[in-house]
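Values below: every heavy atom of this structure, side chains too, minus hydrogens, waters and symmetry copies. Just so it is clear, the model here is predicted, and its values are computed rather than measured.
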Amino acid sequence: MRLLRSTDLALRVLMRLAVAGDSSPTTREVAADMDVPYTHAAKVVAELQHRGLLAARRGRGGGLSVTEAGRTASVGGIVRVFEGAGAGADGVTDVVDCDGGGAGTPPCPLRSDCMLRGALRRAQEAFYASLDPLTVEDMVASPTGPLLLGLPGVGAPA
């Protein structure tokens with residue numbers, strides 16, 4: 001399974017902020033730490049803030065911090081939220097497009113009796129289920145937390 005870049009970045013931003021301690025890095029600083037474009041980081045930060053997983057303060061002394069909800073959030077839940085852009089009516093993101101992608105793409109001729117779609121959906125749910133018990137806090141336990149703190153701009157002198 002391949003995750004969207006925004007999903008990957010959302011998890012990394014939360015992990016980065018979970019080890020920030022008393023510091024409150026800005027979106028620009030987090031983007032630099034994660035080596036991603038600021039505009040991409042800003043969109044992800046806005047969605048995380050909207051979901052209550054991080055807090056953003058503007059102005060002097062402002063910055064980003066992970067909330068308690070963000071610290072204890074299920075990784076599976078976060079992945080579902082960010083991967084959910086293509087969710088169908090039942091809220092499940094299709095792994096394959098059996099109905100055609102529009103713009104002249106015809107539907108799959110096997111869609112009425114194909115077992116592949118259901119098998120892939122079950123595999124996708126197994127993937128999410130394996131992430132559900134993990135929290136952001138779990139993801140920054142050793143050895144990852146100390147590694148994050150060693151990044152220039154995070155905890156170690158540049």
Side-chain angles (χ1 to χ4, degrees), residues 1-21 23-59 62-103 105 116-141 143-155:
M1 178 166 192
R2 182 173 221 157
L3 296 177
L4 297 172
R5 291 177 73 200
S6 57
T7 305
D8 172 48
L9 182 55
L11 293 169
R12 290 191 292 143
V13 165
L14 287 171
M15 290 168 63
R16 160 65 177 91
L17 294 175
V19 298
S23 72
S24 294
T26 64
T27 302
R28 198 166 298 284
E29 291 168 337
V30 169
D33 293 344
M34 299 289 114
D35 196 24
V36 298
Y38 167 77
T39 53
H40 193 56
K43 288 177 188 176
V44 168
V45 164
E47 181 63 24
L48 291 169
Q49 182 181 12
H50 174 74
R51 302 275 175 184
L53 302 176
L54 65 78
R57 292 177 310 282
R58 293 178 181 246
L64 306 173
S65 60
V66 68
T67 63
E68 186 58 30
R71 197 173 290 285
T72 60
S74 162
V75 172
I78 296 166
V79 172
R80 279 184 184 88
V81 164
F82 278 85
E83 294 292 314
D90 58 2
V92 178
T93 305
D94 286 330
V95 179
V96 293
D97 182 11
C98 299
D99 299 322
T105 305
L116 178 61
R117 185 180 196 171
L120 290 173
R121 189 172 277 190
R122 287 188 300 278
Q124 181 184 35
E125 272 309 307
F127 169 75
Y128 289 141
S130 71
L131 295 175
D132 283 341
L134 297 171
T135 66
V136 170
E137 200 163 64
D138 294 334
M139 300 305 293
V140 295
T144 307
L147 180 64
L148 279 166
L149 288 171
L151 292 174
V154 176

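With hydrogens and angles disregarded, a donor-acceptor distance shorter than 3.5 Å links the side chain of Arg71 to the backbone of Ala18. Judged by distance alone, with hydrogens and angles left aside, the side-chain atoms of Arg122 form a donor-acceptor pair with the main-chain N or O of Gly118 at under 3.5 Å. Remark: the backbone N or O of Ala42 is not paired with any side-chain donor or acceptor of Thr27 at under 3.5 angstrom. For Ser74 (side chain) and Asp132 (main-chain N/O), a donor-acceptor pair under 3.5 Å exists by modelled atom type. Side-chain atoms of Glu83 never come within 3.5 Å of backbone atoms of Leu3 as a donor-acceptor pair (strictly under, hydrogens ignored).
Separating the CG atom in Leu9 from the CZ atom in Phe82 is a distance of 8.0 Å, to the nearest 0.5 Å. Here Arg121 contributes atom CZ and Glu125 contributes atom CD; the two are 8.5 Å apart, rounded to the nearest 0.5 Å. Separating the CG atom in Leu131 from the CG atom in Asp138 is a distance of 11.5 Å, to the nearest 0.5 Å. Separating the OG1 atom in Thr67 from the CD atom in Gln49 is a distance of 10.0 Å, to the nearest 0.5 Å.
Heavy atoms only, all atoms of each residue included: Leu134 and Met139 are closest at CD1-SD, 4.0 Å. For Thr135 against Thr72, the heavy-atom pair with the smallest separation is CG2-O, 3.5 Å. Nearest heavy atom pair, residue Val136 against residue Val75, reads N-CG2, 4.2 Å. Contact record, Val66 with Leu53: CG2-O, 3.5 Å, taken as the closest heavy-atom pair. In this structure, Met34 and Arg12 approach most closely via the heavy-atom pair O-NH1, 3.5 Å. The nearest pair of heavy atoms linking Ala129 to Arg80 is N-NH2, 4.1 Å.
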**Message:** Between Val45 and Val30, is the side-chain contact (heavy atoms from CB on, under 4.5 Å) condition met? List the steps.
**Reply:** CA-CA 10 Å; Val45 164; Val30 169; 5.6 Å; no
**Asked** Should Glu47 and Val81 be marked as a side-chain contact (heavy atoms from CB on, under 4.5 Å) after you check the CA-CA gap, both sets of side-chain angles, and the distance that decides it?
**Response** CA-CA 10 Å; Glu47 181 63 24; Val81 164; 4.2 Å; yes
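Atom CZ of Arg57 has more than 12 neighbouring heavy atoms from other residues, nucleotides or ligands inside a 6.0 Å radius.
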